[in-house]
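Since the structure comes first, as structure tokens, the remarks are kept for the end.
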Amino acid sequence: MNASEPSFLKGLDYSVVQQCMHCGMCLPTCPTYDATKLERHSPRGRISLMRAIADDRLEASKTFAEEMYFCLGCLACVTACPAGVNYAELFENARAEVEARGLLDSPRRNAIRAFTVKWLFMDHRRLTAVGRAMRLYQELGLQQVVRKSGVLNLLPRRLRELEAMTPPVQSRFSNELIAAVTPAIGVRRFTVAVLTGCAQDLIFSNVNLDTVEVLARNGCEVHTPPDQPCCGSLHAHNGEWALAQQLARRMIDCLPPEKFDAIISNAGGCGSHLKHYSKLLEKDPAYAERAKIWDRKLKDIHEFIVGVGFQAPAATGRPAVRVTYHESCHLSHGQKIVNQPRQILKSIPGLECVELPEATWCCGSAGIYNLTQPEMAGQLLERKIRNIRSTGARVVATANPGCLLQLINGCRDEGLEIRVAHPVTLLAEAYRDGK
Amino acid sequence: MALTENILRRVREIVGRDHVLTSREDLIPYSFDGTAALQSLPDAVAFARTTHEVAAVLRLANETGTPIVTRGSGTGLSGGSLPSPGALILCLAKMDRIIEVDAANLTLLAESGVTTVNIADAASAAGLFYPPDPGSMKISTIGGNVAENSGGLRGLKYGITRNYVMGLEVVLPDGEVLWTGNKCVKDVAGYSLRDLFVGSEGTLGVITRVLLKLLPRPAAKKTLVATFDQMDKAAQTVSDIIAAKIIPCTLEFLDRTTIRCVEDFAKVGLPLDCEALLLMETDGHPAAVEEEAAQMEACARANGAMDVRIAKDEAEGNRLAAARRSAFSALARVAPTTILEDATVPRSELARMIRFVDQVARKYRLRVGTFGHMGDGNLHPTFLTDERNHAEMERVHEAFKEIFDEAIRLGGTITGEHGVGVAKKGFLPKFAGDASMRVMRELRRALDPRGILNPGKMFD
Ligand SMILES: Cc1cc2nc3c(=O)[nH]c(=O)nc-3n(C[C@H](O)[C@H](O)[C@H](O)COP(=O)(O)OP(=O)(O)OC[C@H]3O[C@@H](n4cnc5c(N)ncnc54)[C@H](O)[C@@H]3O)c2cc1C
Ligand code: SF4
Ligand code: SF4
């Protein structure tokens with residue numbers, strides 16, 4: 001895009017740009033402002049920059065672009081804002097502007113983005129294939145060998161840290177674990193589809209299995225088509241709107257919303273994006289209407305089972321385990337699902353639930369933020385682990401693959417013997433135990 | 001005079017180069033405060049971390065005639081921290097240490113960048129109480145509170161920021177550091193300079209430390225919400241409560257428009273079918289609290305309240321108060337630009353003032369949402385408009401002129417708590433009168449002969 005072409009920010013409805021009345025009520029909830037005390041790193045400051053671009057008072061510059069990628073996209077500011085500012089929309093448009101103008105272009109970044117956002121995460125089969133390769137690397141013990149060999153020490157520090165963060169890939173992915181259709185246990189009350197996700201599927205396919213089981217036990221016939229596309233949240237959050245639209249269309253084709261009572265997501269970040277397909281496809285005549293149906297039917301797993309009423313697991317008589325709950329940003333701030341996961345945890349006999357201080361404060365995972373902004377992400381993780389430690393909990397529950405991974409890495413680095421699990425996993429286990 | 005490269009270099013030497021901002025992307029976020037429709041770009045922003053640094057910056061500014069605009073968190077509602085032309089913004093948000101909580105003397109000493117909520121929490125952690133709670137308390141700084149002499153929701157019983165300032169450390173425009181006040185309950189040695197700096201809006205000196213008075217925490221608290229089908233009935237209830245010699249800690253009101261916006265955001269179950277809502281709170285000895293709550297409920301019912309609801313516990317009471325604090329920002333849900341005013345009248349004139357605001361809004365065809373600290377006679381009529389609609393903005397200004405004139409006529413003031421800044425500068429001379437204006441000018445000139453502190457604010 002060159003400067004004369006229409007821009008994303010200028011193209012936005014001005015009422016969205018103008019909505020912020022700069023009261024500052026969002027500042028104390030913004031992790032990047034809290035850490036730096038600089039207005040530029042605050043929601044109010046970022047919005048003022050976006051508005052300055054829309055008003056032609058500022059050129060979209062590299063500094064602006066970097067600022068948009070320093071923002072976690074955690075949406076804590078949306079929860080805090082009394083004025084109803086739609087920061088999510090502003091933020092996605094700002095990043096789209098950055099990408100359309102190529103403000104951060106560099107051969108290295110372009111190559112990484114071409115490989116990940118534009119290739120790997122566009123096709124589930126590619127992702128699975130890469131997953132298999134990683135699995136092999138880990139299963140054959142190569143990872144251990146490589147790690148022990150000291151070869152890694154030759155890598156720059158950043159790459160070494162990245163290697164340490166590579167998640168253990170699951171030995172089986174969802175399509176190997178879960179039938180395309182799982183019948184309801186007992187009377188069938190609903191027909192639902194479960195989204196297996198991309199990162200979720202690779203690293204936490206067990207969570208998908210648990211999700212399907214929990215739904216089946218609560219009277220759902222569960223459809224889990226293999227080879228589901230990625231939901232496109234990665235793309236939308238990283239300024240690739242056209243790709244996000246393409247994936248949304250494929251997703252609707254793969255899981256026709258008309259066929260189901262509900263479409264279930266178990267990943268906070270994906271769900272938050274998946275609920276807004278109608279906005280993404282509003283100008284697409286073939287899909288606009290279906291996308292509206294899609295949005296209506298899309299439910300987070302906790303939201304769904306608490307909404308329709310779920311069966312409480314039977315008591316087992318095991319000693320109590322203390323559990324605490326970390327809120328995924330996009331589940332709490334993006335989807336406003338706050339009480340339901342807690343209700344589920346409280347229903348499980350043998351769990352003693354304690355509140356986590358700053359439960360809604362971002363853990364630093366934030367999509368791929370921990371890869372792009374390791375320093376800030378590290379600070380946030382440290383703070384999160386400190387809070388977790390203060391609860392004395394042996395289990396931390398959280399409902400998003402990015403957070404699960406971030407907390408697993410954080411606990412491991414601190415040498416903490418704390419289990420990190422999805423609430424639905426804990427529920428599924430309780431069902432199995434109580435049988 | 002614009003900031004020269006030479007001055008900037010010296011500022012960097014004082015505070016460190018990482019603490020000086022000059023890029024356009026860094027400055028735009030400092031080109032406004034909480035006031036609607038005011039904007040101006042500073043030349044640079046510097047962050048001080050010690051009194052020593054503040055003093056060095058002011059010495060340099062005084063020597064070079066550089067305008068300095070002190071800033072806390074930029075939530076001010078009269079344009080106080082809006083950059084003056086060519087100004088260096090001196091931001092104190094990083095001076096955020098609580099230095100001491102003295103439980104024996106009931107005082108707290110803090111740097112001026114500490115947020116109000118952190119002051120309140122630190123007091124609370126020691127079993128004590130810091131009452132002033134402006135709507136912005138989560139982010140406003142104590143320095144900003146002192147400089148604006150801010151009020152809050154508890155003004156009726158507990159007073160305002162001034163009533164809690166026992167001492168101040170102030171850097172004068174020439175860089176000299178002054179201490180005024182101490183931990184003594186009584187002190188009449190010389191002029192009360194401390195009181196001069198409270199409410200000085202960054203025009204007389206830069207406040208770097210604040211010594212605050214704390215109170216024992218009240219043992220009990222009760223929150224009530226009463227709804228009315230007419231604003232007058234709510235106003236009468238307030239008058240009756242005060243006439244019955246009850247001084248509750250909070251008597252806040254919201255009109256229909258404000259209630260809707262607040263409920264839309266906070267979802268605390270406010271009733272939407274009423275014209276006015278009173279949020280009432282009493283605190284103190286448990287027995288007294290029970291009795292006062294019952295009396296307030298009776299007053300509301302006697303005035304035909306539609307409903308009186310009592311918060312079931314302190315947590316619900318806190319949620320209601322927090323919802324009320326969001327009122328001003330929440331009004332922005334329904335209009336792009338919200339211009340709020342701060343007219344204050346003696347409590348006996350409140351009902352009359354509210355009716356007047358309503359008439360004026362109709363006369364100028366403006367949408368208005370009104371809320372405020374009813375127990376203090378402090379109204380916040382907020383016009384819901386769009387700054388790009390110039391014709392309507394003209395009418396807003398005309399409407400405010402009438403409202404201010406009426407407030408003065410009723411023995412009130414043009415601003416109860418938000419300060420003069422630039423927003424009300426034009427109205428000050430008429431309100432204050434020639435003699436007061438002369439004294440204020442001479443005082444300012446005496447302390448700041450070169451006029452470097454917040455030039456163009458309050459009065460010329
Ligand atoms: C949503 C909202 C609700 C509000 N509710 C209330 C309320 O209930 N009651 C009320 O009274 N006000 C209220 N305000 C107004 C505002 O928050 C207060 O005036 C507050 O005290 C400003 O603090 P600040 O740190 O943001 O100061 P700033 O806005 O940064 O500065 C305000 C003024 O103080 C000066 N100043 C700041 N720090 C210093 C210092 N250390 N030394 C010398 N001068 C200094 C500045 O130069 C400026 O003139 C509200 C504002 C908002 C946005
Ligand atoms: S985003 Fe909302 S809370 Fe933050 S400054 Fe703007 S209006 Fe206020
Ligand atoms: S999304 Fe998170 S990091 Fe970004 S401005 Fe909002 S609160 Fe701050």
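Computed from a prediction, not measured in an experiment: that's the story for all the values here.
Contact of Phe47(B) with chain A is made through the side chain alone, with heavy-atom distances under 4.5 Å. Of the atoms belonging to Ser31(B), not a single heavy atom falls under 4.5 Å from chain A. With a 4.5 angstrom heavy-atom cutoff, Asp33(B) touches chain A only via backbone atoms. Residue contact with chain A, scored on non-hydrogen atoms closer than 4.5 Å, involves the side chain of Leu21(B) exclusively. Both the backbone and the side chain of Ser326(B) come within contact range of chain A, judged by heavy atoms closer than 4.5 Å. With a 4.5 angstrom heavy-atom cutoff, Arg51(A) touches chain B only via side-chain atoms.
For chain B, the option among Ser15(A), Cys20(A), Cys26(A), Pro28(A) with the highest count of heavy-atom pairs below 4.5 Å is Pro28(A). With chain B as partner, the option from Leu27(A), Thr29(A), Ile47(A), Leu58(A) having the largest number of non-hydrogen pairs under 4.5 angstrom is Leu58(A). Of the listed residues (Ala83(A), Ala80(A), Ser42(A)), the greatest number of heavy-atom pairs within a distance under 4.5 Å of chain B belongs to Ala83(A).
In this structure, the side chain of Glu303(A) engages the main chain of Asp300(A) through a donor-acceptor pair within 3.5 Å.
With a 6.0 Å radius and a threshold of 12 heavy atoms from other residues, nucleotides or ligands, Lys62(A) has its NZ atom at or below the threshold.
For Arg322(A) and Glu355(A), the salt-bridge test fails: no basic side-chain N is under 4.0 Å from an acidic carboxylate O. Ion pairing of Arg40(A) with Glu25(B) is absent here, as no side-chain N (NZ or NE/NH1/NH2) approaches a carboxylate O to less than 4.0 Å.
Test Arg97(B), Arg49(B), Lys94(B) against Glu111(B) for side chain to side chain donor-acceptor pair (under 3.5 Å) and you get one pass: Arg97(B).
Between His41(A) and Phe70(A), a ring centre-to-centre spacing shorter than 6.0 Å is recorded. Between Phe383(B) and Phe400(B), the ring center distance clears the sub-6.0 Å criterion.
Contacts of residues 71-80 of chain B with chain A at a heavy-atom distance below 4.5 Å involve Arg71(B), Ser73(B), Gly74(B), Thr75(B), listed in sequence order.
The aromatic rings of Phe91(A) and His237(A) lie tilted to each other, with the angle between the two planes from 30° to 60°.
Using modelled atom types, one finds no donor on one side chain facing an acceptor on the other under 3.5 Å when comparing Ser150(B) with Glu417(B). Looking at Ser390(A) and Asn387(A), their side chains never bring a donor and an acceptor atom within 3.5 Å of each other.
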